[in-house]
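What follows is one structure encoded as structure tokens, with my remarks underneath.
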Amino acid sequence: LTDGESVYYGLKKIDWLTPRAKHFYGRRMTGFYEDGDKLYLVDNNNVEKPLSEWDIDSPLKHLKLAYASKDYLIIEGRVIKNIADKNSMEFIGSTIRLVRPCDDAGTPPHKIDFFYFFRDKDKVYYYYTGLKQMKTIDGLNPGDYITDNYKHLKALEAYTNEEPIEDTK
């Protein structure tokens with residue numbers, strides 16, 4: 001929300017965000033805004049990055065922890081290719097995977113990855129932080145999965161057959 005001079009998120013004034021932003025999106029994810037010409041990603045250090053690949057004329061769909069356009073998905077501060085039908089796309093839920101626990105001393109740093117599950121009228125999809133892309137889970141009926149049902153979400157995670165991916169740093 002902007003009054004032309006300042007930008008507000010809820011009732012909180014956002015000093016670092018430009019008032020030229022028409023819409024600000026930032027619920028549990030890296031924030032972003034569009035100014036009518038371009039979409040900008042705002043990272044945790046408040047650095048703005050223009051997203052030249054985003055078609056500003058493609059309306060956004062809010063999916064709880066992500067935003068989708070016809071071609072792209074903004075999730076975890078990343079812009080990835082959207083392979084689902086945006087118009088019928090829904091967020092089913094998410095799970096976490098503890099890849100590397102920390103020891104009593106707190107080292108090495110722990111690593112947690114997330115699975116986000118979506119569906120459209122035809123298929124079930126997932127985004128796994130270890131892969132940084134959206135994939136299809138073949139052979140599933142999208143209507144068989146209840147939103148935010150832990151048992152269903154853990155079954156979907158198992159269907160992905162994804163192995164934990166360690167950082168190569």
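On a predicted model such as this, the values are computed, not experimentally measured, just so you know.
In this structure, the separation between CZ on Phe117 and CG on Leu156 is 5.0 Å, given to the nearest 0.5 Å. Asp71 contributes atom CG, which lies 12.5 Å from atom CD1 of Ile83 (distance to the nearest 0.5 angstrom). Atom CD1 of Ile80 sits about 6.5 Å away from atom CE of Met134, to the nearest 0.5 Å. Atom NZ in Lys123 sits 11.5 Å away from atom OG in Ser88 (nearest 0.5 Å). Ile75 contributes atom CD1, which lies 12.5 Å from atom NZ of Lys132 (distance to the nearest 0.5 angstrom).
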Exercise for review: Evaluate the criterion side-chain contact (heavy atoms from CB on, under 4.5 Å) for residue pair Asp85 and Lys121; output intermediate values, then yes/no.
Suggested key: CA-CA 8 Å; Asp85 172 59; Lys121 64 186 181 327; 3.9 Å; yes
Point to revise | Verdict with reasoning, Lys154 to Thr95, per side-chain contact (heavy atoms from CB on, under 4.5 Å) | key: CA-CA 7 Å; Lys154 291 308 276 185; Thr95 61; 4.0 Å; yes
Check your understanding: Given Phe115 and Leu153, is the side-chain contact (heavy atoms from CB on, under 4.5 Å) satisfied, shown in steps?
Key -> CA-CA 9 Å; Phe115 286 88; Leu153 293 170; over 6 Å; no
Review point. Phe91 and Thr147: side-chain contact (heavy atoms from CB on, under 4.5 Å), yes or no, with the steps?
Key: CA-CA 7 Å; Phe91 178 69; Thr147 302; 5.7 Å; no
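Side-chain contact between Thr129 and Glu76: present, with at least one pair of heavy atoms (C-beta onward) separated by less than 4.5 Å. Looking at heavy atoms from C-beta onward, Ile137 lies in side-chain contact with Val124 at the 4.5 angstrom threshold. Counting only heavy atoms from C-beta outward, the side chains of Ser69 and Asn82 never approach each other to under 4.5 Å. Residues Leu73 and Val79 are not in side-chain contact: their nearest non-hydrogen atoms beyond the backbone lie 4.5 Å or more apart. Residues Met89 and Arg119 have side chains not in contact (no heavy-atom distance under 4.5 Å, counting atoms from C-beta outward). Taking 4.5 Å as the limit, every side-chain heavy atom of Lys81 sits out of range of all side-chain heavy atoms of Gln133.
By the 6.0 Å contact criterion, NZ on Lys61 is enclosed, its count of non-hydrogen atoms from other residues, nucleotides or ligands being greater than 12. Around NZ of Lys151, the count of heavy atoms belonging to other residues, nucleotides or ligands within 6.0 Å does not exceed 12.
The shortest heavy-atom contact between Tyr128 and Glu163 is OH-O, 3.8 Å. The minimum heavy-atom distance linking Leu131 with Tyr126 is given by the pair CD1-OH, 4.4 Å. The shortest non-hydrogen separation linking Ala68 to Leu63 is CB-CD1, 3.7 Å.
The salt bridge (Lys or Arg N to Asp or Glu O under 4.0 Å) analysis of residues 138-149, with sequence neighbours excluded, yields the pairs Lys64-Asp148.
Between Glu162 and Lys135 there is a salt bridge, with a side-chain nitrogen of the basic residue lying less than 4.0 Å from a carboxylate oxygen of the acidic one.
Looking at residues two or more places apart in sequence or on another chain, you find a salt bridge (Lys or Arg N to Asp or Glu O under 4.0 Å) between Asp113 and Lys111.
Note: the hydrophobic cluster containing Ile92 does not contain Ile146 (ILVMFWY, side chain heavy atoms under 4.5 Å, direct or indirect links).
Between Tyr116 and Tyr127, the ring planes lie tilted relative to each other; the angle falls in the 30° to 60° range. Aromatic ring orientation, Tyr159 versus Tyr145: perpendicular (interplanar angle above 60°, classes split at 30° and 60°).
A centroid separation of 6.0 Å or more is found between the aromatic rings of Tyr125 and Phe118.
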